[in-house]
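Scroll down for the structure; my scribbles are underneath it.
The structure displayed is predicted, hence computed values, not measured ones. In each ligand, atom 1 is the first atom listed, and ligand 1 is the first ligand listed.
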Amino acid sequence: MSSKKLPNWYLQHPPIYDISKSYAKNAAEGPYFSEEIPERVFPDESEWIDFLGYSVASPIGVPAGPLLNSKFIDLALQLGYDLPVYKTIRSSAHPGHSLPNMIYVDSGGQINLKQERVFARSEPPLSIENLALTNSFGMPSKDPEFLMQDIERANRLAKKGQVVIVSVVGSHSQERSFYDDFIEAALLAKRSGAKIIEANFSCPNVDKKRGSLYTDPEVVYELGHLLSRAIHPIPLIIKVGLFKNEEQMRDVFISAANAKIKAISGLNSVSMQVVDEKGGPALGIERPTSGICGGTIRNCALDFIKKAFKINNEEKLGLTLIGVGGITQPDHFDQFLDMGADVAMSATGMMWDPYLAARYHQQKVLV
Ligand SMILES: Cc1cc2nc3c(=O)[nH]c(=O)nc-3n(C[C@H](O)[C@H](O)[C@H](O)COP(=O)(O)O)c2cc1C
């Protein structure tokens, strides 16, 4: 990026996604950004990194969610996020949840996993470090025809040194099994020209009582193997959340490597009860718990990456690690990279301060 001083964004400008509007409206009108795109000065190619076989200009990206379609991907690429993830897609169109989809929460600083609940709040905190929200979208998806064209467009927008990743998930349907549908979504991404595919394993298992897919080493092996075979030679990433303990994490990582999964991305949002001032469920009785994202999950996410790095080394798994969770300041990217992540991504942080990557790149040039 050029050395021109970037304007403050947080609380001076609205986020690029308007949480008071429906997901469909945001997708149609967004991203809400009309400020200057800073000039990007790409580092010398000798400084680029290898990411799953692609030469990438920086280890900075946006994880699945905030980039709703190719217009959002376009903005992210222009703003210096070299590894943007195209939002999680399904094999067929899906409406997702109605409003509210995102509300501010007060977690009292960095989230403590022993705390049972967090309170909804109406305004964002003064400091972006304390920015926390709950998100609950139900993974809406457009139909395959739209996605084929739009993913192709997203790929075309990437410059040399940038790669778009596509996130996929399975759906329950009458026509086929959950696994078959998951594979269909991955094949849709492949047909659309996806260069790298991420499977969202932090969604409920076939039987909800068995928790999320990623917590079960057998499921990670079975489904991971089917997916990596189906999309071969495209590299497969899985997206995971918090583990019960290190032993479970180790078993899952070993299963992932055995299934030829190439990379692990974590964390997804941290699930908690979100209550209103009267103690009732803030998102309504149908959604008593939901994922917390933003600045206050950073310690959890850093701890995850620290353990992931240790397990990956001890077991010689050769997995690529993607650090996600709570990155709201430029130096947070480095905290993840220093802890052993190969790349680092920001979702909430980039929505509330889209210049985050530009600030990071500027600092690197100045060093
Ligand atoms: C608006 C929004 C939508 C999201 N949707 C998805 C999704 O569809 N699939 C997924 O794997 N993660 C999704 N996530 C989770 C993020 O990828 C990320 O794991 C989480 O927000 C933690 O990162 P952060 O603290 O930088 O926000 C979403 C997050 C946000 C903020």
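- Close approach of ligand 1 to Val324 (heavy-atom distance below 4.0 Å) involves ligand atoms 18 (C), 19 (O), 22 (C), 23 (O).
- For atom 29 (C) of ligand 1, the nearest non-hydrogen atom of the protein is Asn135 ND2, 3.6 Å.
- When non-hydrogen atoms are compared, ligand 1 lies under 4.0 Å from the backbone of Asn268 as well as from its side chain.
- The protein non-hydrogen atom at the shortest distance from atom 13 (C) of ligand 1 is Ala64 O, 3.0 Å.
- Taking every heavy atom of Asn200 and a limit of under 4.0 angstrom, the matching atoms of ligand 1 come to 9 (N), 10 (C), 11 (O).
- Ligand 1 has a nitrogen or oxygen under 3.5 angstrom from a nitrogen or oxygen of Gly294.
- On a distance-only criterion, Ser202 and ligand 1 share no N/O pair closer than 3.5 Å.
- With sequence neighbours left out, the side-chain contact (heavy atoms from CB on, under 4.5 Å) criterion links Ala263 to Leu52, Ile237, Thr320, Ile322.
- Inclusion of Cys293 in the set of residues having an N or O under 3.5 Å from an N or O of ligand 1 is not warranted.
- With a 4.0 Å cut-off on non-hydrogen atoms, Phe137 touches ligand 1 through its side chain and not its backbone.
- No part of Arg298 comes within 4.0 Å of ligand 1, judged by heavy-atom distances.
- When non-hydrogen atoms are compared, ligand 1 lies under 4.0 Å from the side chain of Ile297 (C-beta onward) but not from its backbone.
- The single protein non-hydrogen atom nearest to atom 27 (O) of ligand 1 is Thr348 OG1, 2.5 Å, given as residue, atom name and distance.
- Proximity annotation for atom 12 (N) of ligand 1: of Lys239, Met351, Met350, Lys239 comes nearest, heavy atoms only.
- Scanning the protein for heavy atoms near atom 19 (O) of ligand 1, the closest one is Leu267 O, 2.8 Å.
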